[in-house]
Enquirer: 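Input: one structure, supplied below.
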Amino acid sequence: MGKRISVAAMLAAVLLLVLSTVALAASPINKDGYYKGIRLAGKVKVVAYNADIKVKVVSSFPDLRVKAVEHFPDDIGEWQFVDYGEDFTIQYVESFPDITIEFVEHWPGVE
């Protein structure tokens, strides 16, 4: 009977590990490049607080690859940084980000 309980406990632990891994792998950005109704392309203003999106810059496994552009930020992941006339605002954070981004020179967007 002791063996049966330990096997059941091990199976429960493995199931919990698998489910937590799947939950961590899920991106907050949908496949069309939207986060909570915000299209992640366009003119972006960086603010110190009360941002639409809190972002953390990472060097691997980002939710979104971002290319900073000077004009025509039309595609997902193309951001033109502005002081006014923004489509949405971001705040850089180190803890508890809404999304993670990586700045790239080529192939911006969602994987």
Side-chain angles (χ1 to χ4, degrees):
M1 178 146 159
K3 211 174 202 183
R4 184 177 284 169
I5 292 173
S6 65
V7 170
M10 183 163 327
L11 287 175
V14 169
L15 181 63
L16 182 62
L17 179 66
V18 168
L19 290 176
S20 65
T21 303
V22 170
L24 289 175
S27 174
I29 302 171
N30 72 16
K31 65 179 177 65
D32 296 323
Y34 284 81
Y35 170 76
K36 292 189 177 179
I38 300 171
R39 185 170 186 268
L40 297 175
K43 297 179 179 180
V44 179
K45 181 177 181 179
V46 179
V47 296
Y49 55 90
N50 292 332
D52 297 323
I53 306 170
K54 294 179 183 174
V55 303
K56 179 177 181 178
V57 179
V58 297
S59 59
S60 58
F61 306 109
D63 297 320
L64 179 71
R65 291 178 315 279
V66 174
K67 179 180 180 182
V69 298
E70 295 293 321
H71 305 287
F72 309 112
D74 298 327
D75 296 329
I76 298 298
E78 290 183 349
W79 290 4
Q80 179 182 357
F81 290 94
V82 298
D83 292 325
Y84 57 89
E86 68 275 0
D87 297 316
F88 61 95
T89 59
I90 65 167
Q91 174 185 354
Y92 292 115
V93 297
E94 286 298 317
S95 303
F96 308 109
D98 295 324
I99 65 171
T100 59
I101 65 170
E102 177 182 14
F103 285 104
V104 297
E105 291 295 320
H106 305 287
W107 302 290
V110 182
E111 288 194 24

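When a residue number appears, it is its place in the shown sequence, counting from 1.
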Enquirer: How close do D87 and A41 get, heavy atom to heavy atom, and via which atoms?
Expert: OD2-O, 4.1 Å
Enquirer: With rounding to the nearest 0.5 angstrom, report the OG1 to NZ distance, T100 to K56.
Expert: 8.5 Å
Enquirer: Can you measure from CD1 (I29) to CD1 (I53) and round to the nearest 0.5 angstrom?
Expert: 7.5 Å
Enquirer: For D52, give me all partners under side chain to side chain contact (heavy atoms under 4.5 Å, CB included), at least two apart in sequence or on another chain.
Expert: I38, F88, T89
Enquirer: Give the minimum heavy-atom separation between P108 and G77, together with the two atoms involved.
Expert: CB-O, 3.7 Å
Enquirer: Please report the interatomic distance CG(D83) to NZ(K45), rounded to the nearest 0.5 Å.
Expert: 7.0 Å
Enquirer: Quick one: does Q80's side chain have a donor or acceptor within less than 3.5 Å of a partner on G42's backbone?
Expert: no
Enquirer: Mind checking whether L64 and V55 have side chains closer than 4.5 Å, heavy atoms only?
Expert: no
Enquirer: What residues, two or more places apart in sequence or in another chain, satisfy side chain to side chain contact (heavy atoms under 4.5 Å, CB included) together with F81?
Expert: V44, V46, A68, W79, I90, Y92, F103
Enquirer: Give me the atom names and distance for the closest heavy-atom approach of Q91 to A48.
Expert: NE2-O, 3.2 Å
Enquirer: If you round to the nearest 0.5 Å, how far is NZ of K43 from CD of E86?
Expert: 10.0 Å
Enquirer: For E111, give me all partners under salt bridge (Lys or Arg N to Asp or Glu O under 4.0 Å), at least two apart in sequence or on another chain.
Expert: R65
Enquirer: With the 4.5 Å side-chain cut-off for hydrophobic clustering, are V110 and Y35 part of the same group?
Expert: yes
Enquirer: If hydrophobic clusters are built from ILVMFWY residues whose side chains come within less than 4.5 Å, do V66 and V57 share one?
Expert: yes
Enquirer: With a 3.5 Å distance limit and no angle check, can you tell me whether N30 reaches the backbone of D32 through a side-chain donor-acceptor pair?
Expert: yes
Enquirer: Can you find a pair of side-chain heavy atoms, one from P28 and one from D63, that are under 4.5 Å apart?
Expert: yes
Enquirer: Search all heavy atoms of G85 against all heavy atoms of V82 and return the closest pair with its distance.
Expert: C-CG2, 4.4 Å
